[in-house]
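As structure tokens, the structure follows; a few thoughts come after it.
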Amino acid sequence: MLAKRIQPMVFQARRLYVELMFQVMGRALQAVSEVDEKVQNEARALPDGFLFEMMVMPDGSKLIVEHTGQGRFRYHGDKAPRPIDLSIQFKHIAHAFLVLSFQEKTSVAFANDRMLVDGDISYAVRMTRVLNRLESFILPKMVAERAVKEYPADLHLPEKLISAARIYLKVATNFVETVRA
Amino acid sequence: MTNKYYEFFCPVKVIAGKAALEHIPYELTGMAAKRPMIVTDKGVRAAGLLEPVIAACEESGLEITTIYDDVPPDSSTTVVRDIAGIYRQEKCDSIIAVGGGSAIDTGKAVNILVSEGGDDIAKYSGAGVLKHPLKPFFVVPTTAGTGSEVTSVAVITDEAKGVKLPFTSSFLLPNAAIIDPRMTLTLPPHITAATAMDAMTHATEAFTCMAKNPLSDAYATAAIKKISHSLLNVMDNPKDSDGRLELAQASTMAGIAFSNSMVGLVHALGHATGAICHLPHGLCMSLYLPYALEYNLETIREPLGELLLYLEGPEVFAATPASRRAEASISAIRKLRDALYKRCQLPRTLKETGKVTEDQLDHIAEMALDDGSIMFNPKEVTLEDARAVLRRAWA
């Protein structure tokens, strides 16, 4: 009985968590592309104006970023200015929650058919590497190891801490700017 | 409770064995199809492989309405459009693809156009675009390797844009795959070897990569056992129809396995090598398989060790300490490649192919890193890792 009463609140909390994580990740993608050379090199292979979306099917939370050129991303929130070029879609919000709460690695979610790719698969592979790199920076190593296939051996603590601080600062600044706007 | 989850899907009716072709008329009639079109290539026709298919249909009073026999090795959007035009003109109602990967992929793409309408196949490119079942579609494979008869994917080249268009939908799966040993009896030795190693790679990667699951494991191990038992016998006795049937079934089983659990680094490197150096796919698979397994070894030690049972049999498996079985599996694959090299000079290294230069390795590594298969490799592959595997595979 109690479980039945609590269930809608659990669902609501899960939806809010996924929405918040998308907002953080979108801003963090923009930030990491301003901070990390490896991410910039990965992103440079994408066409300028390339729009990437991560979303929950059928019409749930989403994040949209654009490659603006020179390896830089710009976060567009959940509104795309043009048709999307590459979309990674979670089949259900429960699957998005598993990945965004680091209970399931992104690569495992792909292997488990939790997500669909709509667009050029080679760009999806590239964006997955970018997401892995981002998660390696912004998450504590113990958590990051649950999120990525392999924690990068060449990412040492000083670089991680400095980059993470810069990314979080940029994310926070972006949040504040959005609220003010 | 673990997070383990998987999906498995294969609705293809497999019709396999002696006189399997003679089941085509019954199966077509069962789907109310009366005017089938055959899609094939010149090589298949020249080898006389169409005759038993046509005879089997005519004997049952089913006329083949038209035959398109000019599918190129790399099928294009133009070819697909032309064949769809002929299909409509001749008022066909079903398709029988007879051939290897290219003829089968072309048949799948033609089926999209004639079922969905229009002339622009590019419009249907991507995953999940198709929403309805297509026209009756049968496949008669003439090689034992690609497994395309049980996969839901087709790749067609868009010549104008110079890109390969992927099509993915469960509606692309054929209604039936007809596996008849007569269709592979005349396969030349080097193609027999390369295509069988293609199937071996499908099964091995299906069993060791990230999306492995209990059902695909069963198909993968059965396929490996059949190939290990039959391949060298068939190489020594090409007219051994029982052995040919074993290889053809193994190819289909490996196809079912990998289409449900995907592949990994061997395919990523193979796709890149094929695109840059124009080497046949099966050859690339045979070439890279042991090197990629060695690279992945520590992450796949347990499943790879299990494969020794199917590669070498119970005596060798029992006599090998559990801690050495993974290495022994790689040795068994190397031994098989050496035996194939002795019989038909199937290259074991990039240098032996004579078609790859050392300065192409970096380009291959870069392209492999963007291949979709790499996502399912159990180990995260960096550019330096891919280069290292290629250097080992060089000579």
Side-chain angles (χ1 to χ4, degrees), chain A residues 38 41-42 44-47 57-58 83-89 91-92 94-95 97-99 101-133 135-136 144-155, chain B residues 1-9 125-129 153 155 161 163-170 205-206 208-213 216 259-265 267-268 271-272 275 296 298-299 366-386:
Chain A
K38 281 190 179 166
N41 287 339
E42 290 283 7
R44 270 195 194 99
L46 304 169
M57 290 173 84
I84 296 291
D85 296 294
L86 171 69
S87 178
I88 293 181
Q89 302 165 351
K91 288 181 180 173
H92 193 277
H95 306 147
F97 183 74
L98 278 176
V99 172
S101 59
F102 317 111
Q103 296 176 61
E104 192 165 274
K105 296 173 196 286
T106 313
S107 53
V108 173
F110 269 117
N112 286 356
D113 281 311
R114 312 279 202 199
M115 302 193 282
L116 297 176
V117 174
D118 189 3
D120 190 319
I121 193 80
S122 66
Y123 292 148
V125 175
R126 199 166 274 272
M127 284 309 298
T128 307
R129 280 201 295 270
V130 170
L131 287 167
N132 284 346
R133 180 90 182 152
E135 287 172 334
S136 304
E145 279 171 342
R146 293 169 62 96
V148 301
K149 202 192 276 183
E150 226 169 87
Y151 188 81
D154 59 350
L155 181 57
Chain B
M1 194 175 87
T2 69
N3 280 340
K4 190 64 194 159
Y5 168 88
Y6 69 90
E7 292 178 9
F8 186 93
F9 185 62
S125 169
V129 180
V153 181
V155 179
K161 292 185 185 158
V163 292
K164 291 199 169 197
L165 301 174
F167 301 84
T168 311
S169 166
S170 55
E205 289 212 291
T208 54
C209 285
M210 288 181 69
K212 79 197 266 14
N213 65 67
S216 71
S259 64
N260 281 284
S261 61
M262 308 309 287
V263 282
L265 179 60
H267 275 77
H271 292 153
N296 284 328
E298 289 315 319
T299 45
E366 281 162 20
M367 194 183 265
L369 229 55
D370 281 345
D371 189 273
S373 311
I374 213 144
M375 202 109 86
F376 302 98
N377 194 66
K379 206 169 155 186
E380 185 77 60
V381 185
T382 65
L383 187 59
E384 206 34 63
D385 293 338

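A note on names: the letters A, B, ... follow the listed sequences, proteins ahead of strands, and every chain is numbered from 1.
Across all their heavy atoms, B/A211 and A/A111 have their closest contact at CB-O, 3.5 Å. Contact between B/N377 and A/K149 at its shortest, heavy atoms only, is O-NZ, 2.6 Å. Nearest approach of A/V125 to B/L369, heavy atoms of both residues: CG1-O, 3.4 Å.
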Evaluate side chain to side chain contact (heavy atoms under 4.5 Å, CB included) for B/D370 paired with A/R129, printing each intermediate quantity in order.
CA-CA 10 Å; B/D370 281 345; A/R129 280 201 295 270; 2.8 Å; yes

A/N132 and B/E380: side chain to side chain contact (heavy atoms under 4.5 Å, CB included), yes or no, with the steps?
CA-CA 10 Å; A/N132 284 346; B/E380 185 77 60; 3.6 Å; yes

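Inter-residue side-chain proximity for A/R114 and B/Y5 is flagged as met; some heavy-atom pair is nearer than 4.5 Å.
Listed options B/K212, B/M210, B/M367 were ranked by heavy-atom pairs under 4.5 angstrom with chain A; first place goes to B/M210. The most heavy-atom pairs under 4.5 Å with chain B, out of A/G119, A/S107, A/A124, come from A/S107.
With rounding to the nearest 0.5 Å, the separation of CG in B/N260 from CG in A/D113 is 8.5 Å. Between atom CG of residue B/D385 and atom CD of residue A/E150 there is a gap of 8.0 Å, rounded to the nearest 0.5 Å.
Evaluation of the side-chain contact (heavy atoms from CB on, under 4.5 Å) rule for B/S125 yields B/L165, B/P166, B/F167 as partners, not counting sequence neighbours.
Contact annotation for A/V148: neither backbone nor side-chain heavy atoms come within less than 4.5 Å of a heavy atom of chain B.
Under 4.0 Å is where a charged nitrogen must lie from a carboxylate oxygen, and between A/K91 and B/E7 at least one such pair does.
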